[in-house]
Structures are given as C-alpha cells and as structure tokens.
Amino acid sequence: VVARGPRTAALLDRNGRRVTSLAEAGDVAAAEFSRSGRLLATGSRDRITRLWDASDGRFRSELVGHAGQITDVAFSPKGTIVATASTDGTARIWSTESGALIAVLVGHIGSVDDVEISPDGLTVATAGEDRTARVWQADTGGPPALRPGRPGPRAARALHHPRRPA
C-alpha cells in the first residue's frame, strides 16, 4: 500500500505495479493485510480506519471512534477482528464483519503506538509512549496485564511474537 496524496492510496503487487487505487483512503499512516490476504485495513491521520477487499480494492467499511490519528492496525488470525492504536491514548477492538466496536482499551498515558493480536487470537498487546506494554483480552477488552519498561517501537509485537534463537 502506497499513499498517493491526502485522500488516495494505491494497492501494489509484489513487483510494485499498481493493482488498484483506494479512493478516499485518507492520509494513510498504517496498513495491514489479514492473514488470509482477503482484507486490508488502513489507518489514517483523519482518525478513521477503513477496511478494503484486498483483491480489488473495493471499500467495505469505516471504523470511526478514535479522537486522534491512527498509528497502527492489526488483524486477528482468523480476520474476524481488527485492533487499532491511536494518538488519542486508546486502542480499540472492532468486528471486521459488522464494523461494530467491541472494546475501547484505556490505560496508556499518551499515544498508543503499537498494537498486535496474539497468534491464538485471545489477547491484544499494546505499547505506548508511556514506555509500557499491556496485554488485554481480545473478546472483551478485559483487564490488562501491565508490562512496565518495554520501550521502543514494536514492543507489542515482541510480546506476542518473541524472536526465536537462530
């Protein structure tokens, strides 16, 4: 996915050739494909996450509710939920089928910069500029486990996808 201006992005193939344009994509700040490759989520500076059909770029739905720009998006392994992170200090969990908000994850101080969903789809990890990582229940947004002192980009990914020794 490549941003092509303030309201348009392009979906490219592996060789960099344009497959289609994503009209009204917003100013894209984050993008991720579902594991199946069927869906694409784009998070924009206009505070909206958009879901697209990845095969043809057809718009599917808007996920609206953040008060700040979207910083990261992540799909569950089955693609039934998507999690979003924002500069508004929250992360949110949404149904990809209905677009319904499942949970608002509140607890970070400042921007939430990273969000990941565990390989089993049961938990959501977030990391923020407050230098903490938190682990939440994916189905309810239930109480987080606080992991202080896990600073840096992609800290949530490290919680769910630890590096394996070479």
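Keep in mind it's a predicted model, so treat the numbers as computed, not measured.
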Student: Checking side chain to side chain donor-acceptor pair (under 3.5 Å) for the pair W136/T123: CA distance, chi angles, key distance, verdict?
Tutor: CA-CA 5 Å; W136 316 77; T123 57; over 6 Å; no
Student: Over all heavy atoms of both residues, which pair between E116 and A74 is shortest? Give the atoms and the distance, please.
Tutor: CA-CB, 4.0 Å
Student: Which residues satisfy the side chain to side chain contact (heavy atoms under 4.5 Å, CB included) test with T140, sequence neighbours excluded?
Tutor: Q137
Student: Does some side-chain heavy atom of F75 sit less than 4.5 Å from a side-chain heavy atom of L40?
Tutor: no
Student: Only one of L63, V82, I81 clears side chain to side chain contact (heavy atoms under 4.5 Å, CB included) with T96; which?
Tutor: V82
Student: Looking only at non-hydrogen atoms, find the nearest pair between W52 and F59 and report the distance.
Tutor: CE3-CA, 3.6 Å
Student: So, for G68 and D88, which heavy atoms are closest and what is the spacing to 0.1 Å?
Tutor: N-CB, 3.5 Å
Student: Would you say V124 and S118 make side-chain contact, with heavy atoms under 4.5 Å?
Tutor: no
Student: Using every non-hydrogen atom in the two residues, find where G37 and A54 come nearest and quote the distance to one decimal.
Tutor: O-CB, 3.2 Å
Student: Which of these passes side-chain hydrogen bond (donor to acceptor under 3.5 Å, both in side chains) with H66: T90, T71, D46?
Tutor: T90
Student: Between F33 and L39, is there a side-chain heavy-atom distance shorter than 4.5 Å?
Tutor: no
Student: If you define the side chain from C-beta out and look only at heavy atoms, does anything of V73 sit under 4.5 Å from T49?
Tutor: yes
Student: Within a strict 4.5 Å, meaning less than it, do heavy atoms of the R50 and S44 side chains meet?
Tutor: yes
Student: Can you give the donor-acceptor pairs under 3.5 Å from side chains of residues 99-107 to other protein atoms, not counting sequence neighbours?
Tutor:
none

Student: Of all the heavy-atom pairs spanning A29 and I70, show the shortest one and how long it is.
Tutor: CB-O, 3.4 Å
Student: On a heavy-atom basis, which atom in I117 and which in P77 lie closest, and how many Å separate them?
Tutor: CG2-CD, 4.2 Å
Student: Linking I/L/V/M/F/W/Y whenever their side-chain heavy atoms sit closer than 4.5 Å, directly or via other members, would V115 and I93 fall into one cluster?
Tutor: yes
Student: So, taking the atom named CZ in R134 and the one named NE2 in H108, what distance separates them when rounded to the nearest 0.5 Å?
Tutor: 5.5 Å
Student: Calculate, to the nearest 0.5 Å, the distance between atoms CZ and OG belonging to R45 and S86 respectively.
Tutor: 12.0 Å
Student: Quick one, D113 and E129 - any side-chain contact, counting heavy atoms below 4.5 Å?
Tutor: yes
Student: Would you check if T80 and E97 make a side-chain contact, meaning some heavy-atom pair closer than 4.5 Å?
Tutor: yes
Student: Any side-chain donor paired with an acceptor under 3.5 Å for T84 and W94?
Tutor: yes
Student: Taking only residues two or more places apart in sequence or in another chain, which ones pass side chain to side chain contact (heavy atoms under 4.5 Å, CB included) with I109?
Tutor: D130
Student: Which distance, rounded to the nearest 0.5 Å, do you find between the CG of D120 and the NZ of K78?
Tutor: 10.5 Å
